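Notes follow the structure.
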Amino acid sequence: IPETLRQVFRLEANPDQMERVQAALRARELAWEVRRRWDKAQAAPSPERAAAEQKVLDSVSRWTGRDITRDDVTQIAASA
């Protein structure tokens, strides 16, 4: 996406700037997906909520390559 934006709008950006744009877009995409999934887990009926939350924690841990806690998820989701 950053390369497409650069070409379409004829933006001049060096590789370091393009890397920062890509990192920002990945962080934003992660935040929105975490928020969407966490909100859905929170809306699950009580008997299913713990399993739904754990599924989100497992997914986000896999995506980020580190163990994620509930606090981490709420912090990531809040940044969306």
Side-chain angles (χ1 to χ4, degrees):
I1 292 178
E3 184 61 34
T4 302
L5 291 173
R6 185 168 78 164
Q7 289 178 8
V8 168
F9 293 105
R10 295 188 177 99
L11 302 174
E12 293 185 25
N14 64 41
D16 183 52
Q17 290 170 321
M18 291 302 292
E19 189 174 311
R20 289 195 314 263
V21 168
Q22 183 66 32
L25 288 171
R26 279 193 307 267
R28 183 171 187 253
E29 184 177 338
L30 174 68
W32 279 104
E33 186 61 18
V34 169
R35 182 177 182 177
R36 185 185 71 77
R37 289 184 185 214
W38 192 248
D39 287 350
K40 184 178 178 182
Q42 296 293 294
S46 295
E48 301 164 12
R49 188 171 302 137
E53 289 175 353
Q54 188 59 51
K55 186 175 178 180
V56 175
L57 294 172
D58 293 344
S59 293
V60 179
S61 292
R62 191 174 58 255
W63 298 337
T64 61
R66 64 186 179 92
D67 289 336
I68 296 293
T69 66
R70 290 175 56 90
D71 289 340
D72 295 328
V73 166
T74 56
Q75 184 178 357
I76 292 169
S79 69

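The figures that follow rest on heavy atoms only: side chains count, while hydrogens, waters and symmetry mates do not. For clarity, every value in this text was computed on a predicted model and none was experimentally measured.
When every heavy atom of Gln17 is checked against every heavy atom of Glu12, the shortest pair comes out as OE1-O, 4.1 Å. Across all non-hydrogen atoms, the minimal contact from Ile68 to Ser61 is N-OG, 3.0 Å. Minimum heavy-atom separation, Arg49 to Gln42: NE-O, 3.1 Å.
By the side chain to side chain donor-acceptor pair (under 3.5 Å) test, Arg20 is found to be paired with Asp16, residues two or more places apart in sequence or in another chain being considered. Scored by the side-chain contact (heavy atoms from CB on, under 4.5 Å) test, Ala31 finds Ile76, Ser79, Ala80 as partners (sequence neighbours excluded). With sequence neighbours excluded, the residues satisfying side-chain contact (heavy atoms from CB on, under 4.5 Å) with Pro45 are Pro47, Glu48. With sequence neighbours excluded, the residues that form a salt bridge (charged side-chain N to carboxylate O under 4.0 Å, His left out) with Glu33 are Arg36, Arg37. Residues forming a side-chain contact (heavy atoms from CB on, under 4.5 Å) with Gln54 (at least two apart in sequence, or on another chain): Leu57, Asp58. Remark: Arg70 engages Glu53 in a salt bridge (charged side-chain N to carboxylate O under 4.0 Å, His left out) (not counting sequence neighbours). Remark: Glu29 engages no residue in a side chain to side chain donor-acceptor pair (under 3.5 Å) (not counting sequence neighbours). Remark: Gln7 pairs with Glu3 by the side chain to side chain donor-acceptor pair (under 3.5 Å) rule, at least two apart or across chains. Under the salt bridge (charged side-chain N to carboxylate O under 4.0 Å, His left out) criterion, Asp72 pairs with Arg66, sequence neighbours left out. Every residue was checked against the salt bridge (charged side-chain N to carboxylate O under 4.0 Å, His left out) condition with Asp71, not counting sequence neighbours, and none meets it.
Residues Leu30 and Leu25 do not share a hydrophobic cluster, defined by chaining ILVMFWY side chains whose heavy atoms lie under 4.5 Å apart.
Inter-residue side-chain proximity for Trp38 and Val60 is flagged as unmet; no heavy-atom pair is nearer than 4.5 Å.
For Arg28, the CZ atom counts as loosely surrounded, since its 6.0 Å shell holds 12 or fewer non-hydrogen atoms of other residues, nucleotides or ligands.
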